[in-house]
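As the structure is a prediction and not an experimental result, all values here were calculated from the model. Just so you know, ligand 1 is whichever comes first in the structure, and atom 1 is the first atom listed for that ligand.
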Amino acid sequence: MKLMISVRDEHEATAALVGGADIIDIKNPAEGSLGAGRPETIAAVVRAVRAAAPVSASIGDVPNLPGTVALAGLGAATCGVRFVKVGLLGARTDAEAAGLLDAVSGALRMANDTVGLVACAYADAALVGSLDPFALPEAAAPFVEGCLIDTVIKDGRTLFQCLPEEAISRFIRQCHDRGLFCGLAGSLQQADLSRALALGADIVGVRTAACEGGQRSGAISAKLVERLKNRVKGLGCRVWDEEKEKSTGRKLLPTH
Ligand SMILES: O=C[C@H](O)COP(=O)(O)O
């Protein structure tokens, strides 16, 4: 299981790498759960990380405007990231989700073939009228390399307080059955990491628990990242299903 740390800028990216993060995810917490960073910030993080880890860039908790979102995806893809991550906040149906992802994946192909797309739905979608997260893997499968389930309301409630483990397990299975990697996020704390691994998650995405003061508006602390990483290492790592990698022809884990 890989530890993905969501960072605001190149300074936080460096701290996350020092702490042992496996994946560097760029987001702007001031603009939402998956708020988009500015292009110059994304480029600065890519330069700071170099080849030390895969870099993903979030393009926001997006509205249901495929053209607008595709342009945002193209912009992020030209900054040298390995993944573009899109929060499907404005999609209400699987058809709207597929329409958005089709538009963004077409834009990424204009940039280059090495940039993968990651679709994100929300465990607390019902509170904001967004897409049922369990409709995501099926709708996203033709366009993405992986899916993430996160929380849109960052009030400290964790993913595991929004959904029962059985439901999270179902989401992970839906992804794996379609050859997609699956990430879990949503105010995850140390204690949640073992649950995520036991359920078969491939990636855990964290910001708040890696921030000084335990506030996602705080700064990423290398020490706190190291503590999270040691916890993940102490839990061992899920062995990939070689068959699935062969059958999909895709590395199921992000590579850089
Ligand atoms: O990685 C994405 C998540 O939004 C992490 O943020 P969080 O731990 O503050 O919920």
Return a table of N or O atom pairs, ligand 1 on one side and protein on the other, at distances under 3.5 Å, rounded to 0.1 Å.
unit_1	atom_1	unit_2	atom_2	d
ligand 1	1 (O)	S6	OG	2.8
ligand 1	4 (O)	K27	NZ	2.6
ligand 1	4 (O)	D150	OD2	2.7
ligand 1	4 (O)	K154	NZ	3.3
ligand 1	6 (O)	R216	NH2	3.4
ligand 1	8 (O)	R207	N	2.8
ligand 1	8 (O)	T208	N	3.3
ligand 1	9 (O)	T208	N	3.1
ligand 1	9 (O)	T208	OG1	2.5
ligand 1	9 (O)	R216	NE	3.0
ligand 1	10 (O)	K154	NZ	2.7
ligand 1	10 (O)	S187	N	2.7

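- Taking a cutoff of 4.0 Å between a charged side-chain nitrogen and a carboxylate oxygen, D202 and K2 do not qualify as a salt bridge.
- With respect to K229 and E226, no salt bridge is recorded, no charged nitrogen being found less than 4.0 Å from a carboxylate O.
- E10 has no carboxylate O lying under 4.0 Å from a charged side-chain N of R47, or vice versa, which leaves the two without a salt bridge.
- For the salt bridge (Lys or Arg N to Asp or Glu O under 4.0 Å) test, no residue two or more places apart in sequence or in another chain qualifies with R216.
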- For side-chain contact (heavy atoms from CB on, under 4.5 Å), just list the numbers for M4 and V206, CA-CA rounded to whole Å, side-chain angles, deciding distance to a tenth of an Å, and then say yes or no. CA-CA 6 Å; M4 175 174 78; V206 178; over 6 Å; no
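- Under a 3.5 Å cut-off, the side chain of N230 and the backbone N or O of R227 do not form any donor-acceptor pair.
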